[in-house]
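Each chain gets a letter, A, B and so on, in the order its sequence line appears, and its residues count up from 1.
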There are 2 protein chains.
Amino acid sequence: MDRPFSDYVRSVRQKRAEIDPAFSLRRIAGVVDLEPSYLSKIERGLEAPPGEEKIKRLAAALGEDPDVVLALAGKVSSELQAIICQRPALFAELLRTFRNLPNHAVARVVREVRDGDW
Amino acid sequence: MDRPFSDYVRSVRQKRAEIDPAFSLRRIAGVVDLEPSYLSKIERGLEAPPGEEKIKRLAAALGEDPDVVLALAGKVSSELQAIICQRPALFAELLRTFRNLPNHAVARVVREVRDGDW
DNA sequence: GTGAGTGTGTAGGTCTTACTACACACTTAC
DNA sequence: GTAAGTGTGTAGTAAGACCTACACACTCAC
């Protein structure tokens, strides 16, 4: 089995902790507002990842991208889900069309749309 | 309060039922594989929408787009979520960039990407 | 008037999600 | 040697998601 979320969180936090004691498990748990023992189990893959809100706060506390950390937990933020739900057919097609495009092509489209006169 | 899912399902099914008796609540419940009384409550907004699998089967039974019906239930299919989770930063940016674009502009990009040499 | 079909009411149920509370053992600083 | 901080083990739980089982009342065909 795969534990991408737990491994990632643990390794990022421990790396930060080597330099800054504010990144101890207990202190981070305090900032994120969950029980240290719970975070401990999460980091070791003994518990499933927490809810969306806690993951976002955890990502913020660790200085990581919340969308990425959520993805490691197999989740998509409710904000992005809401975007899709407003125009489901359109965005479903968009996502399926872009699924197999290489990163640079997707990034290029994003850039062009943002810069251009659409 | 808003009951877009229940209203939608009920009205679509009843419209079909006027012509084809195979669209009675009981028969559809049978095809979708859930209890008639449960579907009844769902259609009247007394119960929350069912799980993703049941919604997909319901959409299929009614001849509707599963992504649209899921969206009415406030959900995004796990398939689309998986696409996002594979490249979260990229697709998050994509969705946020396209959020405010008019339908025709989004459709045009999809078309160009599909047809063009990306 | 009975059998087949319609929708609905009541009353549960299980499983998962998402956690908390508290005690323990160990290290380190002073 | 004790106070403060570290991570972890055990135990539990409250609420929601997602359903089932069964009985009831009604209509309509024949």
Side-chain angles (χ1 to χ4, degrees), chain A residues 1 3 5-59 61-62 66 69-70 72-78 81 85, chain B residues 1 3 5-7 9-59 61-62 66 69-70 72-78 81:
Chain A
M1 245 204 279
R3 309 240 167 259
F5 177 81
S6 51
D7 293 346
Y8 182 83
V9 169
R10 166 139 289 193
S11 70
V12 167
R13 188 188 56 75
Q14 283 186 336
K15 194 142 209 169
R16 299 269 196 291
E18 287 171 13
I19 298 167
D20 186 343
F23 287 85
S24 85
L25 187 149
R26 269 166 188 274
R27 299 245 222 133
I28 293 296
V31 169
V32 176
D33 186 36
L34 36 77
E35 282 292 310
S37 65
Y38 183 39
L39 178 55
S40 170
K41 279 177 289 188
I42 288 169
E43 285 195 352
R44 286 172 295 143
L46 302 179
E47 285 276 1
E52 177 176 341
E53 247 357 273
K54 306 281 183 174
I55 292 179
K56 283 190 198 164
R57 300 184 62 150
L58 184 55
L62 295 177
V69 184
L70 278 168
L72 291 168
K75 306 193 192 229
V76 172
S77 82
S78 47
Q81 296 202 35
C85 285
Chain B
M1 241 204 280
R3 308 245 168 254
F5 178 81
S6 51
D7 292 347
V9 169
R10 166 138 291 193
S11 69
V12 167
R13 187 187 58 74
Q14 284 186 335
K15 194 141 209 169
R16 299 269 197 291
E18 287 172 13
I19 297 167
D20 186 344
F23 287 84
S24 85
L25 188 148
R26 270 167 187 272
R27 299 244 223 133
I28 294 296
V31 169
V32 176
D33 187 35
L34 35 77
E35 283 292 311
S37 65
Y38 183 39
L39 177 56
S40 171
K41 279 178 289 189
I42 288 169
E43 284 195 353
R44 285 172 296 144
L46 302 179
E47 284 277 1
E52 178 176 341
E53 244 1 90
K54 307 280 184 174
I55 292 180
K56 283 191 198 163
R57 300 185 62 151
L58 184 55
L62 295 176
V69 183
L70 277 168
L72 290 168
K75 308 196 189 222
V76 172
S77 83
S78 47
Q81 296 202 35

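For the pair A:Asp33 and B:Arg10, nearest-nucleotide mapping onto DNA chain C gives the more 5' position to B:Arg10. Ranked by how close their nearest DNA chain D nucleotide is to the 5' end, B:Arg26 and B:Pro49 are led by B:Pro49.
Side chain of A:Arg44 to backbone of A:Ser40: a donor-acceptor contact under 3.5 angstrom is found. Between the side chain of B:Arg13 and the main chain of B:Leu62, no donor-acceptor pair closer than 3.5 Å is present. B:Arg57 places a side-chain N or O within 3.5 Å of a backbone atom of B:Val31 that can act as its donor or acceptor partner.
Residue contacts shown for A:Ser37 include a base, since a base heavy atom lies under 4.0 Å away. Using a 4.0 Å heavy-atom criterion, one finds that B:Lys54 contacts the sugar-phosphate atoms exclusively.
For B:Glu47 and D:dC19, a side-chain-to-base donor-acceptor distance below 3.5 Å is present, hydrogens and geometry of angles not being considered.
B:Ile42 has its CD1 atom 13 Å from the P atom of D:dA17, to the nearest Å. Going from atom CZ of A:Phe23 over to atom P of D:dT6 covers 13 Å, rounded to whole Å. Rounded to an integer number of Å, the gap from B:Ile28 CD1 to C:dG5 P is 16 Å. Following rounding to the nearest Å, B:Glu52 (CD) and C:dT16 (C1') show an atom-to-atom distance of 16 Å. A:Glu35 places its CD atom 6 Å from the P atom of C:dA21, with the value rounded to the nearest Å. Per the geometry, CG belonging to A:Leu39 stands 16 Å off C1' belonging to C:dA21, to the nearest Å. Atom P of nucleotide D:dA11 and atom OH of A:Tyr38 are separated by 19 Å, given to the nearest angstrom. Between the C1' atom of C:dT17 and the CZ atom of A:Phe5 lies a distance of 14 Å, rounded to the nearest Å.
Out of D:dT8, C:dT20, C:dA11, the shortest distance to the side chain of B:Lys41 is found at C:dA11. Nearest nucleotide to the B:Ser40 side chain, out of D:dC19, C:dT8, C:dT10: C:dT8.
By the 4.0 Å N-to-carboxylate-O rule, B:Lys56 lies close enough to B:Glu52 to be salt-bridged with it.
At the phosphate of C:dG7, OP1 or OP2 sits under 4.0 Å from a side-chain N or O atom of B:Arg13. Note on A:Lys75: a side-chain N or O is less than 4.0 Å away from OP1 or OP2 of C:dA18.
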Open item on the list: Assess the residue pair B:Ile42 and B:Phe5 against the criterion (side-chain contact (heavy atoms from CB on, under 4.5 Å)); give the C-alpha distance rounded to whole Å, side-chain angles, the decisive distance to 0.1 Å, and a yes or no.
Closed with: CA-CA 9 Å; B:Ile42 288 169; B:Phe5 178 81; 3.7 Å; yes
